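What follows is a short report on a single structure.
Letters A, B, ... are given to chains in the order of the sequence lines, protein chains preceding strands, and every chain is numbered from 1. Every value quoted in this text rests on a predicted model; they were computed, and no experiment measured them.
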2 protein chains.
Amino acid sequence: MGSPHPAPANAPANAPANAPVNAPATVSARTPSAAADPGCRVLGLRERKKQRTRDALVDAAHTLFLNRGYGDTTIDEIAATVDVSQRTFFRYFANKEEVALAVMADAEDFFIARLRERPAEENPLQAMRAAITEAWRTLGDGRRTGAGSVTAALELFELIETTPTLLAAHLRRATEQEGVVARVLADREGLDPATDLRPRLLAAVFGAVVRISHLSWSTHTDGNDTGPDGMIELIERHFDQLGPALAGSWRS
Amino acid sequence: MGSPHPAPANAPANAPANAPVNAPATVSARTPSAAADPGCRVLGLRERKKQRTRDALVDAAHTLFLNRGYGDTTIDEIAATVDVSQRTFFRYFANKEEVALAVMADAEDFFIARLRERPAEENPLQAMRAAITEAWRTLGDGRRTGAGSVTAALELFELIETTPTLLAAHLRRATEQEGVVARVLADREGLDPATDLRPRLLAAVFGAVVRISHLSWSTHTDGNDTGPDGMIELIERHFDQLGPALAGSWRS
DNA sequence: TTGCCGAATGTCAGTGGCTGACATAATCTT
DNA sequence: AAGATTATGTCAGCCACTGACATTCGGCAA
């Protein structure tokens with residue numbers, strides 16, 4: 001499992017042999033400074049502390065959700081694990097769902113960033129396929145924890161898919177991201193997203209394909225590769241089925 | 001701030017000149033009996049009463065949500081309007097979102113029913129386009145209330161789209177329906193939905209197209225036709241853009 | 001009609017998510 | 001080292017939602 005850090009000043013030593021209080025979450029950050037500030041390499045103590053408690057909250061919530069289940073975990077429990085007040089929890093996360101979807105949200109932002117970097121000569125669909133493949137590949141080997149994080153992702157998917165409230169929140173987030181994607185695509189091609197239907201349409205279709213892929217991945221753990229490569233292959237397969245699915249009758 | 005009416009026994013007379021307390025909601029029903037029972041033409045008093053309170057609750061909630069806003073309307077207010085206890089409300093609807101999405105849910109069921117009726121010789125995409133067109137057309141003229149209900153639908157879309165909680169719940173419902181649609185398609189074509197990716201994929205893409213269409217419809221009230229015909233045309237246009245969007249570069 | 005059964009409703013108490021207001025303690029600035 | 005910011009804790013409160021139990025009402029038959 002996680003790395004057994006000696007748990008610095010702030011964070012309480014909970015989680016017997018489970019996850020360290022200060023686990024470096026996926027892409028972490030999620031603060032405007034982390035992405036926007038240009039030269040500030042060493043953040044102040046204050047910022048670092050905030051970052052730590054945030055990560056600790058995400059981590060504690062994650063383990064609790066997977067053990068006790070989402071519905072049977074209270075905010076008080078999460079807060080108590082990290083040794084902060086309930087009120088503080090709500091200063092970091094707007095609601096219970098947000099802490100559960102934090103990692104997922106970071107991943108989505110990561111994808112958007114990759115999409116923005118794609119060369120202009122690729123067409124929209126190519127750019128998106130390339131961006132998501134790249135994102136998954138990076139997530140696969142850029143992992144400090146080595147393995148484990150991928151299985152963690154799988155568990156998270158399953159948790160989301162089986163928890164109505166979480167699924168709803170996740171879908172909402174996803175469609176929001178579709179809006180962002182649509183705008184990026186429109187910029188790339190230099191057209192007005194208000195007039196042209198294609199950017200939003202393609203973004204939505206892309207979102208649908210990815211979602212179905214995730215679903216396939218999480219439902220059948222058996223047989224196929226469950227690593228990032230397996231996911232990439234699954235997405236590719238679904239994309240390749242897009243044409244046939246839209247074509248005429250399926251009867252062979 | 002409540003209603004200054006003397007509040008008669010069962011059904012209170014709210015909605016000054018808006019909607020009658022016992023509005024026959026779209027397809028209404030939502031009880032297994034209404035769709036399953038074959039010969040029971042006249043329902044017992046008990047059933048009719050339940051139906052009435054249910055409709056009244058939906059109606060009261062609808063008007064309150066549109067006036068005060070979703071977040072600023074309490075369940076107690078809704079229940080008080082119909083003159084039932086809060087507990088009774090929760091015996092009809094699992095949660096606050098459900099009462100807001102009740103009409104929408106009925107419409108979705110209606111679409112599924114139409115899809116099931118499509119002749120077998122149509123290919124999947126044709127069947128779905130035909131089914132949704134038919135559904136909207138029926139909804140358009142099969143209306144006792146005459147006009148008004150279409151504008152009501154528009155207001156409802158807007159409410160959903162602008163209320164995070166509602167949007168989340170709606171999206172969850174919609175994806176659930178995609179699962180149903182996928183199964184229907186798989187049955188039509190006689191293939192295994194667990195193996196073949198196409199049914200689920202096409203259902204998801206179809207859902208995406210419809211969602212984008214709804215969004216377009218609700219956002220630009222101006223210019224185009226806002227009636228059911230306008231919606232049908234919008235959906236058609238989006239479908240026609242599907243191919244071009246998936247094709248290569250968009251630069252003209 | 002009467003009387004019984006089951007279903008619908010009301011009442012009550014309690015849990016948990018979430019928020020505003022204010023006081024306190026920690027960091028940052030000069 | 002003092003003052004300005006900012007994070008946190010505490011407290012009180014609203015509201016969505018639930019289980020348990022009492023009551024009333026509609027359906028049905030003797």
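With rounding to whole Å, B/Asp76 atom CG is found 9 Å from D/dA16 atom C1'. Regarding B/Asp83, its CG atom lies at a distance of 12 Å from the C1' atom of C/dG10, rounded to whole Å. Rounded to whole Å, the distance from CZ on B/Phe90 to P on C/dA13 is 19 Å. Look at NZ on A/Lys96: it is 21 Å from P on D/dC15, rounded to the nearest Å. When the P atom of C/dT27 is taken as reference, atom CD of A/Gln51 falls 17 Å away, rounded to whole Å. Put simply, CZ on B/Arg48 is 11 Å from P on D/dG26, counting in whole angstrom units. Between the CZ atom of A/Phe93 and the P atom of C/dT19 there is a distance of 14 Å, given to the nearest Å. Following rounding to the nearest Å, B/Leu64 (CG) and D/dC15 (P) show an atom-to-atom distance of 14 Å.
Backbone-only contact: B/Thr73 has heavy atoms under 4.0 Å from sugar-phosphate atoms and none from a base. Contact annotation for B/Tyr92: backbone-only contact, meaning every heavy-atom pair under 4.0 Å involves sugar-phosphate atoms and none involves a base. Among the heavy atoms of the strands lying under 4.0 Å from B/Ser85 is at least one base atom, whether or not backbone atoms are also near.
Residue B/Lys49 has no polar side-chain atom (N or O) positioned under 4.0 Å from OP1 or OP2 of C/dA8.
With a 4.5 Å cut-off on side-chain heavy atoms, B/Val180 and B/Glu108 do not count as touching. Side chains of B/Thr88 and B/Thr53 form no contact here, defined as non-hydrogen atoms less than 4.5 Å apart.
For B/Arg91, taking side-chain heavy atoms from C-beta onward, the closest of the listed nucleotides C/dG10, D/dT10, C/dT27 is C/dG10. Nearest nucleotide to the A/Gln86 side chain, out of D/dT8, C/dT19, C/dG16: C/dT19. Across C/dA26, D/dC17, D/dT10, the shortest atom-to-atom separation from the side chain of B/Asn95 is found for D/dC17. Candidate nucleotides D/dG9, C/dG16, D/dC25 were compared by shortest atom distance to the side chain of A/Thr74, and C/dG16 ranks first. Of all nucleotides listed (C/dA8, C/dT11, C/dT9), C/dA8 comes nearest to the side chain of B/Lys50.
Cation-pi geometry between B/Lys96 and B/Phe65 is not met at under 6.0 angstrom from the ring centre and within 45 degrees of the axis.
Between A/Trp217 and A/Phe157, the angle of the ring planes goes over 60°, which puts this pair in the perpendicular group of the 30/60° scheme.
In terms of position along DNA chain D, the nucleotide closest to B/Phe89 lies nearer the 5' end than the nucleotide closest to the other residue of the pair B/Phe89 and B/Arg46.
Electrostatic pairing of B/Glu161 and B/Arg211 counts as a salt bridge here, judged by a charged N lying under 4.0 Å from a carboxylate O.
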